[in-house]
**Student:** 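First, the structure itself, so that you have it in front of you.
Order of the sequence lines sets the chain letters (A, B, ...), proteins ahead of strands, with each chain counted from 1.
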Amino acid sequence: MTSESFQPIKGMADLAPPAIYLWQRLEETTRDILARYAFDEVRTPVMERTAVFKRSLGDTTDVVQKEMYSFTDRGGRDLSLRPEGTAGVIRHVAGSGQAAQDARLYYIGPMFRSERPQAGRYRQFHQLGVESIGAPCPAADAEVIALQAHVLSAWGLKDFRMELNTRGLPEDRQRVADGLRAALEPDLDRLCEDCRRRYAQNPLRILDCKNAACRDIADRLPPVTEFMSAEARTYLKEVISLLERLEIPVTENPRLVRGLDYYVHTVWEITHAGLGSQDALSGGGRYALTFGNQTIEGVGFAMGLERIITALTGQGLDPGSLAKPPSVWLISQGAAAFDENLVLMQSLRLRGVSCAMDLRGRSMKAQMRAANRANSRYVVIRGDHEMEQGTFQLKNMADGVQEELDMPELMQRLTSGTDRVCPDTEEEE
RNA sequence: GUGGGUGUAGCUCAGUUGGUUAGAGCGUCAGGUUGUGGUCCUGAAAGUCGCGGGUUCAAGUCCCGUCACUCACCCCA
């Protein structure tokens, strides 16, 4: 590394070619699929009043307590960069009146958490989130989960695993915590240090401890649904049977835990092997959030796009293969040809042909190399001979075949359908 | 916040028990073809060996500190 000052700050990255081609592809596919499910995009600010997050995520959550970028602005307002997307969307919906309470919305954008970075974890990261608001019934949960599976396979992702559980109703929580504590008490001194702390604070978290001894103990616990109301159990069963009918493969995992406070009923997670320790691609669930005198009920998920990118490239997808090279590279010899080519280039672009040329007046060989490196499909050569004759050499870079054409012929060839590069069918090798 | 690993050319890395002008491959640029890319050949540019201090006749190599990157824990996408 040269000077550290050229680097973005810790945990944040420039999204640049070639990786950016994959980001663009993901976003295009996403918008297409979400439109099919009749979801609309919403773009909320990346900053909110800190209270928005405290109220919706729970002000005892780690995300709120120690991971937010919070500050006081010049007006004395307590603001934070958003650590997740749901709170802002719900704030928006709550403020938009009755009609918007049936909102079906999605967002794509950066989120910020002040954590120590590691594989799959960044301080600025990007999420695709979907919120289906105002239909408090299992069909809404199943629809969103089906949508999520659809998006993942449309991106070309393989070998992901969906696991489902229920958080129960708010009034179930105390019973679950008490029930787990009672069941764990005999083994309390065999739990790891973290889990002994969790026993007091949040016994649910013991279920997904990575420590082997804790896992053994957790394996023998009754499923959390045992401590829940019949309503919670029925809701979960209905979601699962709907997913079976939609042929969405999910696994029920009674040990699955989701951290944010706002979840009720269904919670789920999608993981992918080969992401390292942070193997969750996505997490979702049903929630009830109170803003002012309104309670907004919804179901949704957030996907970590950096992790998706890691999984896709790990599958062998080369982001560079998604680049959109220029169809034509213009090559000039001499100042007059250079000047004419600038005009021709603009004219081609106005007619829909992507093209480029070397602007530094380098040697023909250097220009050819540049055209080749840019992966241009064609090269148009213009030198003294062509300037005299009023012609152009059109060279096909794939087979090396070169033809001499006049202006009408050239335009015809380059603007007709067959000779234009289709961005989605690149050559492979 | 806690712990481990790593910092040598644009990239990937080599550098022997400390020993003269720090190397390779890829990439870049140029030439071999004064009008032609992708292959081949030749050459060139490019490194304050992360930074600071220390030990030593001598430090890329050893010691200390520091910064950065990285992996893991807590927690989470």
**Student:** C1' atom, B:rU48 versus B:rG38: distance in rounded Å?
**Tutor:**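 To the nearest whole Å, 39 Å.
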
**Student:** How about CD on A:Gln389, more than 12 heavy atoms from neighbouring residues, nucleotides or ligands closer than 6.0 Å, or not?
**Tutor:**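 For A:Gln389, atom CD is crowded (more than 12 foreign heavy atoms under 6.0 Å).
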
**Student:** Write down the distance separating the C1' atoms in B:rU61 and B:rU56, rounded off to the nearest Å.
**Tutor:**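 Their C1' atoms lie roughly 13 Å apart.
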
**Student:** Please state how far atom CD in A:Glu84 lies from atom P in B:rC75, giving the value in whole angstrom units.
**Tutor:**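 These atoms are roughly 18 Å apart.
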
**Student:** Looking at A:Phe291, is A:Arg55 sitting on its ring face, NZ or CZ under 6.0 Å from the six-membered ring centre and within 45 degrees of the normal?
**Tutor:**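 Checked: cation-pi criterion met.
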
**Student:** Starting at the 5' end of RNA chain B, which residue's closest nucleotide do you reach first, A:Phe125 or A:Pro117?
**Tutor:**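 Between the two, 5'-proximity favours A:Pro117.
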
**Student:** If pairing requires Watson-Crick or G-U wobble contacts with both distances under 3.5 Å, which nucleotide is the partner of B:rC62?
**Tutor:**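 With both distances under 3.5 Å, B:rC62 matches B:rG54.
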
**Student:** Can you check whether A:Gln148 reaches A:Ser282 side chain to side chain, under 4.5 Å on heavy atoms?
**Tutor:**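 They are in contact (side-chain heavy atoms under 4.5 Å apart), so the answer is yes.
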
**Student:** Rounding to an integer number of angstrom, what distance separates B:rU39 and B:rC73 when you compare their P atoms?
**Tutor:**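 Rounded to whole Å, the distance is 44 Å.
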
**Student:** Give a yes or no on whether A:Met47 atom CE has more than 12 heavy-atom contacts from other residues, nucleotides or ligands under 6.0 Å away.
**Tutor:**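 No - once you tally the heavy atoms of other residues, nucleotides and ligands closer than 6.0 Å, there are 12 at most.
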
**Student:** My understanding is that a pair needs two contacts under 3.5 Å, Watson-Crick or G-U wobble. By that rule, which nucleotide pairs with B:rG18?
**Tutor:**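 Partner of B:rG18: none found under 3.5 Å.
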
**Student:** Between B:rU36 and A:Lys365, counting only base atoms on the nucleotide and side-chain atoms on the residue, is there a donor-acceptor pair under 3.5 Å?
**Tutor:**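 No, no donor-acceptor pair under 3.5 Å.
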
**Student:** Kindly indicate whether the side chain of A:Asn372 and the base of B:rG38 share any N or O donor-acceptor pair separated by less than 3.5 Å?
**Tutor:**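 Looking at the base of B:rG38, it does not pair with any donor or acceptor on the side chain of A:Asn372 (distance under 3.5 Å).
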
**Student:** Would you mind pulling out the nucleotide paired to B:rA24, Watson-Crick or G-U wobble, both distances under 3.5 Å?
**Tutor:**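 Pairing partner, where one exists within any strand: B:rU12.
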
**Student:** Between B:rU12 and B:rC57, how far is it from one C1' atom to the other, in whole Å?
**Tutor:**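 To the nearest whole Å, 37 Å.
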
**Student:** Would you jot down, in residue-number order, the residues of residues 302-310 of chain A having a non-hydrogen atom under 4.0 Å from RNA chain B?
**Tutor:**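 Of all residues in residues 302-310 of chain A, the ones placing a heavy atom under 4.0 Å from RNA chain B are A:Ala302, A:Gly304, A:Arg307.
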
**Student:** Just jot down the side-chain contact (heavy atoms from CB on, under 4.5 Å) partners of A:Arg43, sequence neighbours excluded, or say none.
**Tutor:**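 Testing A:Arg43 for side-chain contact (heavy atoms from CB on, under 4.5 Å), a comparison that skips the adjacent residues, returns A:Arg31, A:Glu41.
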
**Student:** Decide yes or no on side-chain contact (heavy atoms from CB on, under 4.5 Å) for A:Ile90 and A:Ile133, but give the supporting numbers first.
**Tutor:** CA-CA 9 Å; A:Ile90 300 306; A:Ile133 290 156; 3.6 Å; yes

**Student:** Give a yes or no on whether a donor-acceptor pair under 3.5 Å exists between the nucleobase atoms of B:rU36, that is its base, and the side chain of A:Gln402.
**Tutor:**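 Such a pair is found, so the answer is yes.
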
**Student:** Any strand counts, and the cut-off is 3.5 Å on both contacts for Watson-Crick or G-U wobble. Which nucleotide pairs with B:rG43?
**Tutor:**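 With both distances under 3.5 Å, B:rG43 matches B:rC29.
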
**Student:** Please examine the side chains of A:Leu15 and A:His126, heavy atoms only from C-beta on, and report whether any two atoms are closer than 4.5 Å.
**Tutor:**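 They are in side-chain contact.
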
**Student:** Would you say the side chain of A:Glu386 and the base of B:rG35 hold a donor-acceptor pair, judged only by whether the two atoms sit under 3.5 Å apart?
**Tutor:**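 Counting by modelled atom types and ignoring angles, a donor-acceptor contact under 3.5 Å is found here.
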
**Student:** Rounded to the nearest Å, what distance is computed from the CG atom of residue A:Asp384 to the C1' atom of nucleotide B:rG35?
**Tutor:**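 Spelled out: CG on A:Asp384 to C1' on B:rG35 is 9 Å.
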
**Student:** Which parts of nucleotides 41-48 of chain B does protein reach within less than 4.0 Å, heavy atoms only, written one letter per nucleotide 5' to 3' as B for base, S for sugar-phosphate only and - for none?
**Tutor:** --------

**Student:** Roughly how far apart, to the nearest Å, are B:rA59 and B:rU21 at atom P?
**Tutor:**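 Taking atom P in both B:rA59 and B:rU21, they lie 11 Å apart.
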
**Student:** Using Watson-Crick or G-U wobble geometry with both distances under 3.5 Å, which nucleotide pairs with B:rU34?
**Tutor:**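 Its partner is none (no Watson-Crick or G-U wobble pair with both distances under 3.5 Å).
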
**Student:** Determine which nucleotide pairs with B:rC69, using a 3.5 Å limit on both distances of a Watson-Crick or G-U wobble pair.
**Tutor:**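 Across any shown strand, B:rC69 pairs with B:rG5.
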
**Student:** When you compare B:rC26 with B:rA45, how far apart are their C1' atoms, in angstrom units rounded to a whole number?
**Tutor:**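 Each nucleotide's C1' atom is 16 Å from the other's.
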
**Student:** Classify the side chain of A:Arg116 and the base of B:rA72 as holding, or not holding, a donor-acceptor pair under 3.5 Å.
**Tutor:**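 No, no donor-acceptor pair under 3.5 Å.
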
